[in-house]
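Numbering of residues begins at 1 and proceeds along the displayed sequence. Keep in mind that this is a model prediction, so the values were computed, not measured. Counting convention: from 1, in listed order, for ligands and their atoms alike.
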Amino acid sequence: MITNICCIGAGYVGGPTMAIIAQKCPHIKVTVVDLNEKRIAAWNDENVLNIPIYEPGLSDVVAEARGRNLFFSTDVDAAIDAADMIFISVNTPTKTYGVGKGMAADLKYIELCARQIARVAKNDKIVVEKSTLPVRTASAIKNILDHTGNGVNFQILSNPEFLAEGTAVEDLLAPDRVLIGGDTTPEGQKAIDLLVEVYANWVPKQNILTTNVWSSELSKLTANAFLAQRVSSINALSELCEKTGADVNEVARAIGMDSRIGPKFLKSSVGFGGSCFQKDILNLVYIAKSYGLNEVADYWEQVIIMNDHQKRRFAKNIVKTLYNTVSGKKIAFLGWAFKKDTNDTRESAAIYVADDLLNEQASIHVYDPKVGAVQIQSDLNYLETRSEASNSEGVHVYDNPYEACKDAHAIAVLTEWDEFKAYDWQKIYDAMLKPAFVFDGRNILDAEKMNAIGFQYYKIG
Ligand code: UDX
Ligand code: ADP
């Protein structure tokens, strides 16, 4: 039986996943480690509302388990040494240099972890890949462990995370399925069984799927590619709807009632974001290309091309509607996170829309309930489109939505936060320049009501 788990990486995946394991398995000591001292200090903050990741319900889970059997630490070696099972939950960003630049996953953090585990481990360990990794990464990890280790035995499992940010706690408590891939040897099977036992503390056995390692790794990429493809498919139709007078919400409802298609993931938007979709599809494209499967690569790449188009056309439409110039105009952004109920901004559509509008010399005024100025500036600086000084000159961040919208020429809704629907839109209208434009990139506002107030209201599709 597993009694001691270490998780390397205290981010959006490692943090919530380990908090739930600790909550549901009081007999297992769970230690989450990270090199980032500030992040660990925030996880340990006396006030549990200050943990570094915002997820509905997460602070209650942490409050219950922290100090009992859930610990956060920067002492990576000690936690590896003590653990029977080590989860790797470090980030695997898209490479920004060398071969596979802009496409392949950068595995340097994974390799560093593997080397560290090999150096420290003095008894047999089960190593679990939690981060989304390209197919066959497990063999690279195994290679490093076996060749640089202290002669102890390692079993590598793939246990991809399917939680979506914003609903992480719900998703972890009642997952559609838990997927565990391992070696098809007796030792591999034993390791799989041990991890199944951990999840079986709260997940029904029939929802725990076991496969070989490669199927598990590829299933994760495929799940994200299929989900992203649905969003790009409905977004492709949104543009056609705008031209023909069809309504994309009605189309989505009509096709979603076909049980073979289903209603979920058909919300047309300004484009998908987040740390997974784009990265995982690029990964799939890269793998396909590296096997010479060009048609397969092109097929999936189109999902990304469509998404880039959707973001760009949203910004273009704002410029066109505001009489072909936004130079010096105040554009208010409601929302910066890549979706509601998270403070994560990775690959958020808002970043790219802001970047396009800054190129048109607009003045951007942002309000997001959970994202602050430092993050917003750093997201823009990361693109390296212009100097950091120009970004901070062009973008202003508020902690009050009414202030952000005051005297604006136009408002762009970039994230579907529930609170936006409840605002006093008459008050916002009264304080804006006229005509007052609203570009709803999430189709969350009531078109009739907005038009009745006097807004020039534009939605997607
Ligand atoms: C995703 C997968 O859902 C999850 O299983 C995986 O483990 C990680 O990647 P996440 O990135 O947290 O999760 O968010 P998700 O809810 O999938 O949304 C991704 C993006 O698509 C968001 O920007 C969201 O706003 C957008 N989206 C989603 C739409 O535009 N329309 C939809 O109908 C659904
Ligand atoms: P994800 O969304 O996949 O959880 P994050 O970027 O939120 O990604 O979290 C990954 C975490 O892993 C970061 O906090 C980072 O500091 C940590 N990390 C990366 N490499 C190592 C390492 N070698 N040892 C410990 N922590 C690491």
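Only the side chain of Ile8 comes within contact range of ligand 2, with a heavy atom under 4.0 Å; no backbone atom does. Contact annotation: for Leu266 versus ligand 1, heavy atoms closer than 4.0 Å belong to the backbone alone.
Closest to atom 15 (C) of ligand 2, if we only count protein heavy atoms, is Asp34 OD1, 3.4 Å. Closest protein heavy atom to atom 27 (C) of ligand 2: Val90 CG1, 3.6 Å. In terms of protein heavy-atom proximity, atom 4 (O) of ligand 2 is closest to Val13 N, 2.9 Å. For atom 8 (O) of ligand 2, the closest non-hydrogen atom on the protein side is Arg346 NH1, 3.4 Å. Scanning all protein heavy atoms for the shortest distance to atom 26 (N) of ligand 2 gives Leu35 N, 3.4 Å. Counting protein heavy atoms only, atom 12 (O) of ligand 2 is closest to Gly9 CA, 3.4 Å. Protein heavy atom in closest approach to atom 9 (O) of ligand 2: Gly11 CA, 3.3 Å. Protein heavy atom nearest atom 2 (C) of ligand 1, with residue, atom name and distance: Asn224 OD1, 3.4 Å.
Considering backbone and side-chain N/O of Tyr109, none are found under 3.5 Å from N/O of ligand 2. At least one N/O-N/O distance between Phe162 and ligand 1 falls below 3.5 Å. Backbone and side-chain nitrogen or oxygen atoms of Leu227 are examined, and none is located within less than 3.5 angstrom of a nitrogen or oxygen of ligand 1.
A ring-centre distance under 6.0 Å is not found for Tyr367 and Tyr398.
When each atom of ligand 1 is checked for a heavy atom of Lys220 under 4.0 Å away, the hits are 6 (C), 7 (O). Atoms of ligand 2 lying under 4.0 Å from any heavy atom of Ser89, numbered from 1 in the order shown and given with element: 10 (C). Contact atoms of ligand 1 toward Glu161: 7 (O) (distance under 4.0 Å to a heavy atom of the residue). Less than 4.0 angstrom separates some heavy atom of Cys276 from each of these atoms of ligand 1: 8 (C), 9 (O). Proximity to Ser269 (heavy-atom distance under 4.0 Å) selects the following atoms of ligand 1: 29 (C), 30 (O).
A cation-pi arrangement, defined by a distance under 6.0 Å to the six-membered ring centre and an angle within 45 degrees of its axis, is present between Lys370 and Tyr54.
Using modelled atom types and a 3.5 Å distance limit, the side chains of Asn381 and Ser378 yield no donor-acceptor pair.
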